[in-house]
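Just so you know, these numbers use all the heavy atoms, side chains as well, and skip hydrogens, waters and symmetry mates.
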Amino acid sequence: MPHGHPGLREPIARPGPHAAELGLLLEELRLARAGSRLVTLSGEPWIGKSRLARLLSWEAEHRGWAVAWGRPPWDGAPRPFHSLVDALDDWLAAADPAALRRLGEVRIRTLARLFPALGGAGTDGGGGVDVHATARAVRALLELMAGDDGLLLVLDDAHRAGPEMLELAEYLMRHPPSAPVLTVLVHRRGPTALALSGLTAGVGAVRPVVLRPLDRADAEPLLPPGIGPLRRELVLRDAEGVPGLLRALAAAESPEPEQPAHSTRELACGAPPWRAGVPGLDLRTLSPLGRRTMARAAVVGDPFSVTALAAGPDSDEVLRAVEELHGEGIIRPDARAGWFRFARPVVRALMWQAYGPERGVGPVSAGGDRPETVTALLETSSALTSREAALLEEAARAMVFEQPARSARSARRVAQWPDAPLSARLLLCQALVLSGRLPQAVGEYARLWPLQERFGGPAGPWAEAAVWRARALRLLGAGAQARRALRSGPAEERAVLHMAHVELASLLLESGRPMRGAALAVARRAMRSVPRGDVAAHGHALALLAAARATNGDVVLAREVAFEADLLLSGLGRRRSAPVLEAWRRLGEAAAADGDAERALRCFHKGFDLALHHGQRHLLGPMALGLARTSLDLGDPASAYAHAHFAAAEFEQFPSSPFNDAARELIRSAEHIGNDNQKTLSSSILSSRERDVAFLIGPGFTNQQIATRLNLSVKTVETYMGRIFKKMGASSRAQVAVIVSGTPAPGATS
């Protein structure tokens with residue numbers, strides 16, 4: 001029996017992610033009984049290729065197949081046929097000499113040049129090997145090993161195996177063994193794997209299986225129980241559906257409770273928010289130089305130039321390491337020649353935390369003119385000069401809407417400077433509002449407000465500060481104080497005047513029915529005060545006007561205005577829309593008042609995703625509340641419960657917030673409807689086993705996962721699914737999930 005991968009005989013409890021792809025591999029295993037087959041299993045780093053190959057190997061052993069598993073050396077240096085020797089040498093060492101003699105003397109001499117078990121020099125002595133003769137001898141060896149029971153040959157990290165292995169694969173493809181042999185080439189997708197990918201072109205004998213990032217339904221079950229709602233969203237966002245990254249982030253040290261939501265851009269440069277003592281990623285496929293270069297690139301941040309990494313006498317080696325990282329699919333070229341960036345920003349963040357400046361990576365030249373670069377260099381400075389303080393404040397201001405948490409850290413650093421300017425202290429307050437730390441922002445404003453005369457009276461920067469102070473108070477439920485704050489900062493500039501009108505109209509809209517007329521009047525003033533050429537402000541004002549018209553019953557005009565606002569806002573892109581994200585909340589409210597719950601759901605989703613992307617935590621709770629309401633209107637209590645639970649967790653920070661009661665009431669409503677659906681289903685015509693299957697659809701389990709949990713075959717689950725759809729009159733899994741949502745499935749843990 002050939003050796004397998006370590007731990008191969010340990011069964012895995014459930015297929016987990018990529019169950020459909022596992023089904024394809026098992027189908028290939030079945031087909032290989034009738035004739036040799038070759039599969040390429042590919043995907044990006046940490047997507048789960050090796051795990052899936054282990055599952056296939058365990059299933060093959062369970063069915064009586066021999067399994068051989070090989071891979072290139074861990075040091076990152078490819079050697080001729082090393083993977084093949086790693087897979088087959090143990091079998092040769094234990095084989096019966098009489099059986100080996102059936103290969104013939106010529107083939108044994110050919111194999112002996114490679115395999116230590118036959119007295120050869122091993123892969124280090126592979127130079128001068130006749131590849132075609134070796135391929136013919138290996139083909140005969142595979143036929144001998146397979147016998148009548150079958151052989152599964154897994155060659156992991158095949159993209160690093162060298163050209164000799166590619167020639168061997170091509171030979172086996174053109175001249176397959178005349179025995180039940182399934183060969184699986186596991187490789188990363190990238191420049192070094194182009195030749196492997198080309199094996200499948202126009203050849204029916206090779207089956208490509210490509211692993212892609214998971215969707216949310218498949219990714220969520222990988223997270224540990226008890227993870228908080230906000231952290232769950234951040235992990236799912238940052239991992240982007242890559243299972244290895246999901247597990248690494250879930251295992252990383254959780255940010256402190258008061259830590260605000262970080263933006264996506266915070267992963268690309270400077271000190272990232274995720275804290276981990278180790279990267280949580282398998283980096284053994286990289287050479288030591290590749291790992292060091294990867295850590296240096298993480299310190300520089302995205303994007304980075306090769307010049308920044310290659311300074312010094314080891315420049316040629318660093319260039320080779322960059323080629324290695326590119327070939328492994330870890331980095332990719334940027335738009336500028338000689339510049340690269342990490343393929344996944346969170347990989348850069350995890351590397352920085354594990355191997356950053358404090359852990360042995362020497363200083364590197366970051367270069368560039370990005371605000372994040374300036375911030376990264378000055379955030380940890382022991383003392384600031386006046387010039388450095390000005391640069392840090394400028395950087396904090398440039399990223400206040402896209403990275404408010406980092407902007408707050410930088411502004412606080414400047415505000416602690418002995419000669420800190422007023423502008424830095426007011427910027428800190430604005431960043432605190434945007435990052436969701438509303439009580440802290442209100443407290444800072446209260447300490448600053450008595451200083452108006454000392455710093456130039458009520459005009460100037462105080463007018464804009466009054467708007468942000470009012471927003472913090474509004475979201476905390478202090479409407480009267482918010483109106484007084486708006487009156488305390490008279491606006492002279494048109495842009496600030498427009499901001500004041502927008503904030504007052506929002507406050508009036510949230511004040512209830514008596515203020516609807518006043519909200520419409522102020523929304524019109526906001527439209528008239530839009531700064532010339534400011535498309536984002538125009539879209540925001542239109543969204544506000546649509547919400548005001550809709551709540552006043554003028555749904556026809558509201559619909560027209562909302563359509564124009566949607567066009568403007570959708571055309572802005574992520575970066576330009578960052579200052580006006582609340583506009584999507586107003587569009588959602590206008591659509592809900594118009595009775596169009598599906599359009600409202602889309603608007604709230606857009607606003608929630610953008611707020612999460614930019615780390616604007618102050619909007620996440622209100623957006624989630626809108627999602628909960630519209631989900632309930634659309635008959636989806638499970639989604640309504642999840643969004644309401646998220647909103648309630650966000651509003652727990654603010655006991656006086658008017659949204660607290662609304663979130664709790666939505667949770668109760670979603671639970672009640674879910675319970676009613678469960679009772680209806682329990683008394684329906686579904687059998688007990690059909691109910692077991694139906695209840696597992698809600699959590700997003702695949703048919704393979706349901707089969708594993710209920711100890712059924714996949715075919716039986718498919719039969720049950722057909723009956724469930726027919727009896728319930730459902731046309732999709734989503735419809736079944738809506739009906740059965742609300743309580744755990746009976747027998748789901750069996």
Side-chain angles (χ1 to χ4, degrees), residues 40-50 53 70-84 86 123 126 155-170 184-201 208-213 242 244-245 279 281-298 300 302-310 314-348 350-351 355:
T40 59
L41 176 60
S42 62
E44 66 177 280
W46 307 293
I47 196 73
K49 305 178 295 296
S50 296
R71 69 187 314 160
W74 285 119
D75 61 8
R79 301 187 183 103
F81 296 110
H82 184 284
S83 300
L84 197 66
D86 187 39
T123 55
L155 299 178
D156 203 358
D157 291 327
H159 59 286
R160 295 193 297 111
E164 299 86 359
M165 286 300 300
L166 178 62
E167 291 187 50
L168 173 65
E170 288 181 323
V184 180
L185 303 177
V186 183
H187 67 90
R188 291 182 175 180
R189 297 179 66 83
T192 56
L194 291 178
L196 281 169
S197 302
L199 281 175
T200 62
V209 178
V210 181
L211 300 190
R212 306 193 186 281
V242 179
L245 300 183
L281 301 172
D282 187 352
L283 303 175
R284 291 176 296 174
T285 59
L286 296 178
S287 67
L289 176 63
R291 288 194 290 271
R292 290 197 303 271
T293 304
M294 184 178 172
R296 288 170 64 87
V300 173
D302 275 340
F304 58 88
S305 68
V306 176
T307 305
L309 302 181
D314 60 345
S315 58
D316 291 340
E317 289 188 340
V318 170
L319 289 174
R320 288 196 297 272
V322 168
E323 292 180 2
E324 178 187 353
L325 295 174
H326 182 213
E328 290 289 315
I330 294 174
I331 63 175
R332 58 182 174 82
D334 198 45
R336 290 173 288 180
W339 286 71
F340 290 82
R341 63 172 62 246
F342 282 83
R344 297 288 184 187
V346 74
V347 173
R348 178 259 158 192
L350 289 167
M351 282 299 295
Y355 303 109

Inset, instruction - Run through R188, K49, R71 and flag the one making a salt bridge (Lys or Arg N to Asp or Glu O under 4.0 Å) with D157. - result: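 Running salt bridge (Lys or Arg N to Asp or Glu O under 4.0 Å) over R188, K49, R71 with D157 returns exactly one hit, R71.
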Shortest non-hydrogen separation from [X] to [Y] and the atoms involved:
X	Y	result
L286	R291	O-NH1, 2.7 Å
D156	P72	O-CD, 3.1 Å
P303	W339	O-CZ3, 3.5 Å
A158	L185	CB-CB, 4.2 Å
R296	A308	NH2-O, 4.2 Å
I330	P45	CG1-CG, 4.2 Å

Value rounded to 0.5 Å, distance of [atom1] in [X] from [atom2] in [Y]:
X	Y	atom1	atom2	value
L41	L155	CG	CG	12.0 Å
I331	F342	CD1	CZ	7.5 Å
R348	M351	CZ	CE	10.5 Å
H159	S42	NE2	OG	11.0 Å
L245	L281	CG	CG	6.0 Å
L211	E44	CG	CD	9.5 Å

Legend entry - Close side-chain approach of L84 to E164, heavy-atom, < 4.5 Å: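 The answer is no, as the side chains (C-beta and beyond) never meet within the 4.5 Å cut-off.
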Legend entry - Donor-acceptor pair, side chain of E324 and main chain of S287, under 3.5 angstrom: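 Yes, E324 side chain to S287 backbone: donor-acceptor pair under 3.5 Å.
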Legend entry - Steps toward side-chain contact (heavy atoms from CB on, under 4.5 Å) verdict (F340, L325): CA-CA 10 Å; F340 290 82; L325 295 174; over 6 Å; no
Legend entry - side-chain contact (heavy atoms from CB on, under 4.5 Å) evaluation trace for T293 with E317: CA-CA 9 Å; T293 304; E317 289 188 340; over 6 Å; no
Inset, instruction - Test R160 against E328 for side-chain contact (heavy atoms from CB on, under 4.5 Å), laying out the working first. - result: CA-CA 9 Å; R160 295 193 297 111; E328 290 289 315; 2.8 Å; yes
